[in-house]
Amino acid sequence: MSRKRILGNANGATRFASNRIELIQNSIPLVVVLLQTSLKVCRDVLEGIHQYERLYGPWRFHIIEDYYNEPIPWRDGNAPGTFGMIVFAQSRESAKLVRSVRCPAVLIDPVDEYFPGLNLAQSQNFGMLKYDSSEVGRIGARFLLDKQFSHFAYIDDATGFNWSRSRGDAFCQTIQESGRNCHRYHVSPTKERRHPEQELDRLAAWIRALPKPVAIMAARDIRARQVLNICVSEGISVPHQAAVLGVDNDVTLCRATWPPLSSIQMESKRAGFLVSELLANMMQMSRIGQTVANRLVHCEGGFVEERASTDSLCVENKWVSSALEYIKINAEQGIGVEDVVHFLCISRRQLETLFKVHLDRTIVTEINRVRCQKACSLLANTDLSMAEIAPLCGYDNESYMGKVFKKVFGQTMSSFRRRNRVIVPRGQRREPDTSSEEGV
């Protein structure tokens, strides 16, 4: 083969490679994702982002791990082709970098301390997703109130971030509205935040002084793990003297604690889906020089994944306590009120009266509550149909289970599954909104 032909083939291959790179850059959007993958909430968000991309992509991803100070490519907005960012900033340094970007960027629950005075009407390249942190606090409070403790406590995260404060405010308010007292551990002073060992010593002394038995909600799983470690070192029995609840449902962490940690599963996968949908609309409008008007989306709801750290009911009456234990073990077997009273060898009227006095609910209400908690876990974590879930929760048919579930949680089973799983039908995708601006 002649030298001329060889050079011609080489030049053709080079041009092909160059054209291929240019085609990819110009036709496939590049999405930079900045988050901390060591956190369960961030991994769930990332899964939601990937789910959106599989449905509506393709996208190219550039994942940046927070805390590593990795530079953000093309943050001046001069990237080839379409370019956008999804940001879950957990450090001051990364937040500073993000504030300088000129491309479409969606912030996930931005920390007030890192983004002071952020206003979407003025910062038109930014969008935002806000978690309903107050609802997370209320979910935790309602769950622990059902445990019939007399004393309750909330422990703020050592960071003192706004999501921790919002959860704590709502938790304490819900407890107080029920007529109980709520203790609160506020974030440590700045000096102690620089010396974690001192902060943990102060936290240990605070937990030691709490009246027992007590139901404790910590701002997130990492904080709850610290609480459990303190309880072990202080000889505080969990869950009998202190029931402990976390947030994020980091399964690896929750199963590694002693005892295994109960936790609130937020809708973080759906949050990832929603921010991707918003960013796609923002990138689409930026290509024609326009701005999406409503750049604020909300992510609400969640449920408790119960494990051993809260697997106790603080009820002094031996009949009620024994009935609750029997219901918890056998609710999925299709038991009824008559099975409970037969097991205890007590009259139905007497046991119903005791339930009303000590729990302020009926026996059948408690049976349905336990069954519906099981249904929540199956709806969120499996692809089983309603018909398959019903018998696993102790119901003969899905129709009756659906009615009970709606009465307990105020929403249908289908609605709960949509909110707590990621997939959204293609026909439900919202078109870009170019109406009026909305500020924050």
Side-chain angles (χ1 to χ4, degrees), residues 40-57 59 86 88 106 108-109 127-140 142-143 247-249 251 263-281 292 294-306 368-369 371-393 395 397-433:
K40 167 66 159 43
V41 62
C42 292
R43 296 196 300 273
D44 283 348
V45 166
L46 191 57
E47 175 60 31
I49 294 170
H50 286 316
Q51 181 65 62
Y52 182 90
E53 189 272 339
R54 287 194 292 269
L55 287 172
Y56 302 117
W59 282 357
I86 295 174
F88 205 147
V106 180
I108 301 176
D109 216 19
M128 185 189 305
L129 177 135
K130 294 285 289 183
Y131 280 109
D132 191 345
S133 295
S134 296
E135 179 60 17
V136 172
R138 288 189 287 269
I139 290 171
R142 290 192 293 264
F143 174 79
V247 180
D248 288 339
N249 196 31
V251 176
S263 185
I264 298 174
Q265 172 67 59
M266 299 195 303
E267 296 187 13
S268 297
K269 292 182 181 179
R270 181 161 181 81
F273 195 99
L274 292 174
V275 297
S276 300
E277 183 179 47
L278 175 57
L279 181 64
N281 291 340
V292 175
N294 185 10
R295 302 190 306 282
L296 175 64
V297 293
H298 297 273
C299 189
E300 305 171 344
F303 65 96
V304 175
E305 187 72 40
E306 185 169 21
N368 284 327
R369 186 190 69 83
R371 289 174 175 171
C372 288
Q373 286 288 351
K374 172 71 172 180
C376 283
S377 180
L378 293 173
L379 288 167
N381 298 308
T382 74
D383 292 318
L384 296 175
S385 67
M386 311 302 177
E388 292 172 312
I389 289 175
L392 296 177
C393 298
Y395 291 106
N397 63 80
E398 60 179 297
S399 176
Y400 179 68
M401 178 180 66
K403 293 177 181 178
V404 173
F405 190 94
K406 186 173 183 179
K407 183 176 181 180
V408 173
F409 292 106
Q411 60 180 312
T412 65
M413 296 175 67
S414 297
S415 174
F416 180 89
R417 171 164 273 176
R418 284 195 302 270
R419 289 164 62 94
N420 288 277
R421 292 180 71 81
V422 180
I423 298 175
V424 175
R426 182 177 293 270
Q428 293 185 9
R429 182 179 181 182
R430 294 185 294 274
E431 294 301 319
D433 180 4

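This structure is a prediction, so every number in the text was calculated from the model and none was measured. Sequential numbering from 1 along the given sequence is applied to the chain's residues.
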[atom1]-[atom2] distance between [X] and [Y], expressed to the nearest 0.5 angstrom:
{"X": "K269", "Y": "R43", "atom1": "NZ", "atom2": "CZ", "result": "10.5 Å"}
{"X": "E300", "Y": "K130", "atom1": "CD", "atom2": "NZ", "result": "13.0 Å"}
{"X": "Y56", "Y": "F273", "atom1": "OH", "atom2": "CZ", "result": "4.5 Å"}
{"X": "S268", "Y": "D248", "atom1": "OG", "atom2": "CG", "result": "6.5 Å"}
{"X": "R369", "Y": "K374", "atom1": "CZ", "atom2": "NZ", "result": "14.5 Å"}
{"X": "R295", "Y": "L279", "atom1": "CZ", "atom2": "CG", "result": "12.5 Å"}

Between [X] (side chain) and [Y] (backbone), is there a donor-acceptor pair under 3.5 Å?
{"X": "R270", "Y": "E267", "answer": "no"}
{"X": "T412", "Y": "S415", "answer": "yes"}
{"X": "K40", "Y": "V251", "answer": "no"}

Residues M401, I389; criterion side-chain contact (heavy atoms from CB on, under 4.5 Å); working and verdict = CA-CA 9 Å; M401 178 180 66; I389 289 175; 4.1 Å; yes
inquiry  = Tell me if the aromatic rings of F416 and F303 count as close, with their centers under 6.0 Å from one another.
reply    =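 Yes, the ring of F416 comes within the 6.0 Å limit of the ring of F303, centre to centre.
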task = Might you work through the side-chain contact (heavy atoms from CB on, under 4.5 Å) test for S276 and V106, ending with a clear yes or no?
result = CA-CA 8 Å; S276 300; V106 180; over 6 Å; no
Would you mind reporting whether [Y] and [X] have side-chain heavy atoms less than 4.5 Å apart?
{"X": "C372", "Y": "V404", "result": "yes"}
{"X": "I86", "Y": "I108", "result": "yes"}
{"X": "I49", "Y": "V45", "result": "yes"}
{"X": "L379", "Y": "M413", "result": "yes"}

Closest contact, heavy atoms only, [X] versus [Y]:
{"X": "Q373", "Y": "V304", "value": "OE1-O, 3.8 Å"}
{"X": "Q265", "Y": "D44", "value": "NE2-OD2, 3.5 Å"}
{"X": "R54", "Y": "E47", "value": "NH2-OE2, 3.2 Å"}
{"X": "V41", "Y": "M266", "value": "CG2-CE, 4.1 Å"}
{"X": "L378", "Y": "R417", "value": "O-NH2, 3.6 Å"}
{"X": "G301", "Y": "I139", "value": "C-CD1, 4.0 Å"}

message = Under the rule for side chain to side chain contact (heavy atoms under 4.5 Å, CB included), what residues qualify as partners of E53, not counting sequence neighbours?
response =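 Partners of E53 by the side chain to side chain contact (heavy atoms under 4.5 Å, CB included) criterion, ordered by chain and then number, come out as P58, W59, F61.
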Set of side chain to side chain contact (heavy atoms under 4.5 Å, CB included) partners for S377, sequence neighbours left out =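 Scan of S377 (side chain to side chain contact (heavy atoms under 4.5 Å, CB included), adjacent residues dropped) gives E305, N381.
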task = Run the numbers on F143 and I264 for side-chain contact (heavy atoms from CB on, under 4.5 Å), then give the verdict.
result = CA-CA 10 Å; F143 174 79; I264 298 174; over 6 Å; no
ask   = Using the ring of each side chain (for Trp, its six-membered ring), is F88 parallel, tilted or perpendicular to Y131, with breaks at 30° and 60°?
value =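 Geometry flag for Y131 against F88: tilted rings.
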message = According to salt bridge (charged side-chain N to carboxylate O under 4.0 Å, His left out), who are the partners of E135, at least two apart in sequence or on a separate chain?
response =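 Salt bridge (charged side-chain N to carboxylate O under 4.0 Å, His left out) list for E135, sorted by chain: R138, R142.
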request  = Please test Y395 against N368 for side-chain contact (heavy atoms from CB on, under 4.5 Å), starting from the C-alpha separation and ending with a verdict.
outcome  = CA-CA 10 Å; Y395 291 106; N368 284 327; 2.7 Å; yes
